[in-house]
Each structure stands twice: as C-alpha cells, then as structure tokens.
Amino acid sequence: MLFAGQLHCPAVITMSQSCRVFTDLHYAYFVTWTLVEWIHLFDKEPYRQIILDSLNYLRIEKKTQLNAFVIMSSHLHTVLWPEIGISLSDVTRDFKRFTSRKISQEAEKQGVTDVIKVFKKPERKTARKMYPSIKSGRRDRIPKRSSRKNSLAKKIDYIHMNPVKAGLVKTPEQWQYSSARAYLLGEETYPPTDILLVRG
C-alpha cells in the first residue's frame with residue numbers, strides 16, 4: 001500500500017497478491033501492488049519515476065533481485081527474489097513506506113487535490129492497516145522442479161502481457177516500463193532486470 005508519510009495519510013497502495021514461484025533454498029515471489037480505489041497515477045511521469053527508482057533501490061540496498069516487472073497506471077506486478085536471510089515482508093514494507101511518502105509529497109507539491117483527498121481518507125479500522133503484512137491470494141510452493149520453471153515462465157509472461165491486454169501496445173517489448181525488453185530483446189532496462197531464465 002502507498003502509505004502514510006508526513007501527511008499522516010492512510011495506505012494508498014495495497015498488496016493484493018504474493019505467490020512463491022521458484023525454489024530450493026528460498027523463493028522468488030510474484031507480488032502485485034495496487035493503488036487504493038484503482039487511481040490512475042503511475043501513468044504520470046513523476047509518480048512512475050518514484051516507483052522505478054524505488055524498485056532500483058530494492059535491488060541495491062535491500063539485496064533483492066528484480067526478476068520481472070511492469071508498471072501500469074494503477075498497479076504494478078513484480079517477481080522479487082530476496083537473498084537468503086532477507087525477509088520479503090521487510091522488503092515490501094519498506095518499499096511501501098518510502099514510496100507512499102514520496103508520492104504523498106509529490107501530490108502535495110503538484111496540488112493534485114483528488115489524489116490528496118484519497119490519501120487523507122481516514123482509516124476504516126485500525127491504524128495497523130496502514131502498514132499491512134503481505135496478503136496472499138495464492139502462496140503456493142511449486143512442488144516439482146519441472147513445473148517451477150513453467151510456473152515462473154507463466155508469471156513472467158503474465159507480467160509482460162499486461163500492457164498488451166490493456167491495449168496500450170501491440171507487443172510486450174514496446175512497453176517501456178517493464179522487463180519485457182530484457183527478456184525478449186536482451187536490452188537493458190531501468191531498473192535493471194535480474195533475468196531468471198532465457199527462452200531458446
């Protein structure tokens with residue numbers, strides 16, 4: 001969730017799904033974040049850049065691989081793989097805190113009143129909801145070595161096809177804000193993509 005910063009606003013990005021997709025000693029996770037009320041905000045440059053920079057920060061400072069990603073206007077999908085000993089809950093919590101604060105500050109700076117109103121909505125239940133733990137739609141360990149690779153490929157395909165299904169581009173690699181070009185064209189992305197498998 002995009003969360004309260006100096007504005008003391010409620011969380012505005014919710015984590016809707018976290019799913020284990022690859023393993024032996026530890027796991028890569030498919031993680032989706034969604035803006036509350038599905039606000040279309042990440043199609044605007046300053047907010048999208050905050051997300052891109054924050055994902056890059058996770059790679060460098062939080063010892064977490066960014067194996068795949070796509071940024072859409074109201075949500076983002078990722079495959080994250082924390083190093084052994086690094087808690088995914090800690091990584092995503094810090095991502096949400098930092099990103100929420102920066103986006104809240106940017107909304108104030110730009111005077112975007114409709115966004116500020118949503119950010120400042122009072123919490124319906126407890127303050128604890130401001131910084132939720134990871135909520136899982138599915139959280140399945142892939143049981144067989146062969147199926148892990150297939151499952152991972154499907155997750156990455158799903159991520160890369162988001163802009164195509166939304167009618168924004170004709171092919172995944174045309175979308176600038178994803179890891180598709182790294183996988184399909186071997187091009188560098190920002191943030192850099194930690195490629196997990198190469199199809200051939």
Side-chain angles (χ1 to χ4, degrees), residues 1-5 7 9-21 28-58 62 64 66-80 82 88-107 112 114-140 154-169 172 175-180 191:
M1 295 183 139
L2 255 162
F3 15 70
L7 298 179
C9 57
V12 298
I13 282 186
T14 58
M15 186 177 304
S16 60
Q17 192 175 55
S18 170
C19 180
R20 291 175 182 174
V21 295
Y29 293 82
F30 173 76
V31 182
T32 296
W33 285 281
T34 305
L35 279 160
V36 292
E37 299 187 17
W38 291 85
I39 300 172
H40 293 273
L41 195 61
F42 298 151
D43 54 351
K44 298 167 182 65
E45 176 56 30
Y47 304 106
R48 182 173 53 225
Q49 193 61 45
I50 289 167
I51 296 298
L52 290 167
D53 291 343
S54 298
L55 288 173
N56 195 45
Y57 178 85
L58 291 186
K62 295 297 179 181
T64 298
L66 178 63
N67 304 123
F69 70 94
V70 66
I71 300 177
M72 303 296 287
S73 62
S74 61
H75 64 283
L76 63 147
H77 299 294
T78 61
V79 173
L80 301 176
L88 180 67
S89 295
D90 291 345
V91 169
T92 54
R93 179 200 64 216
D94 291 348
F95 175 84
K96 291 187 291 181
R97 284 182 180 165
F98 176 79
T99 307
S100 183
R101 182 174 66 250
K102 294 293 283 186
I103 289 180
S104 298
Q105 289 169 348
E106 186 63 35
V112 187
D114 55 337
V115 173
I116 294 167
K117 280 179 188 174
V118 172
F119 285 16
K120 287 186 174 179
K121 273 189 179 176
E123 281 296 319
R124 279 184 287 243
K125 292 189 181 175
T126 65
R128 214 172 132 208
K129 292 201 90 171
M130 214 177 260
Y131 308 109
S133 58
I134 295 168
K135 295 178 183 176
S136 306
R138 276 169 35 198
R139 201 178 178 86
D140 305 325
K154 285 178 185 176
K155 291 286 187 288
I156 292 172
D157 282 343
Y158 173 79
I159 286 171
H160 293 161
M161 286 300 292
N162 257 240
V164 177
K165 289 178 180 175
L168 299 171
V169 290
W175 188 247
Q176 186 178 352
Y177 311 108
S178 88
S179 52

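The model shown is predicted, which means the values in this text are computed figures rather than measured ones.
Taking OH from Tyr57 and OG1 from Thr64, the interatomic distance works out to 11.0 Å, rounded to the nearest 0.5 Å. Interatomic distance, Ile103 CD1 to Leu35 CG, rounded to the nearest 0.5 Å: 6.5 Å. With values rounded to the nearest 0.5 angstrom, Leu55 atom CG is found 14.0 Å from Tyr177 atom OH. Atom CD1 in Ile156 sits 14.5 Å away from atom CE in Met161 (nearest 0.5 Å).
Relative ring orientation between Tyr158 and Phe30 is described as perpendicular, the plane-to-plane angle rising above 60° on a 0-90° scale split at 30° and 60°.
Considering only residues two or more places apart in sequence or on other chains, Gln49 meets the side-chain hydrogen bond (donor to acceptor under 3.5 Å, both in side chains) condition with Asp53. Listed by chain and residue number, Arg93 satisfy the salt bridge (charged side-chain N to carboxylate O under 4.0 Å, His left out) test with Asp90 (two or more places apart in sequence, or in another chain). Remark: Ser179 pairs with His160 by the side-chain hydrogen bond (donor to acceptor under 3.5 Å, both in side chains) rule, at least two apart or across chains.
Between Ile51 and Leu76, the closest heavy-atom pair is CG2-CD1, 3.9 Å. Looking at every heavy atom in both residues, Leu80 comes nearest to Asn67 through C-OD1, 4.1 Å. Counting all heavy atoms, side chain and backbone alike, Ala180 lies closest to Pro172 at CB-O, 3.5 Å. The nearest pair of heavy atoms linking Tyr29 to Pro82 is CD1-CD, 4.2 Å. Across all their heavy atoms, Arg48 and Phe42 have their closest contact at CB-O, 3.1 Å. Residues Ile159 and Thr78 approach most closely at CD1-C, 3.9 Å, considering heavy atoms.
For the residue pair Ser74 / His40, no side-chain donor-acceptor distance below 3.5 Å is found, with atom types taken as modelled.
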Are Ser54 and Ile50 close enough, and set up right, to give a side chain to side chain contact (heavy atoms under 4.5 Å, CB included), and what steps lead you there?
CA-CA 6 Å; Ser54 298; Ile50 289 167; 4.1 Å; yes
Derivation of the side chain to side chain contact (heavy atoms under 4.5 Å, CB included) call for Ile71 and Leu52:
CA-CA 8 Å; Ile71 300 177; Leu52 290 167; 3.4 Å; yes
Are Val164 and Trp175 close enough, and set up right, to give a side chain to side chain contact (heavy atoms under 4.5 Å, CB included), and what steps lead you there?
CA-CA 8 Å; Val164 177; Trp175 188 247; over 6 Å; no
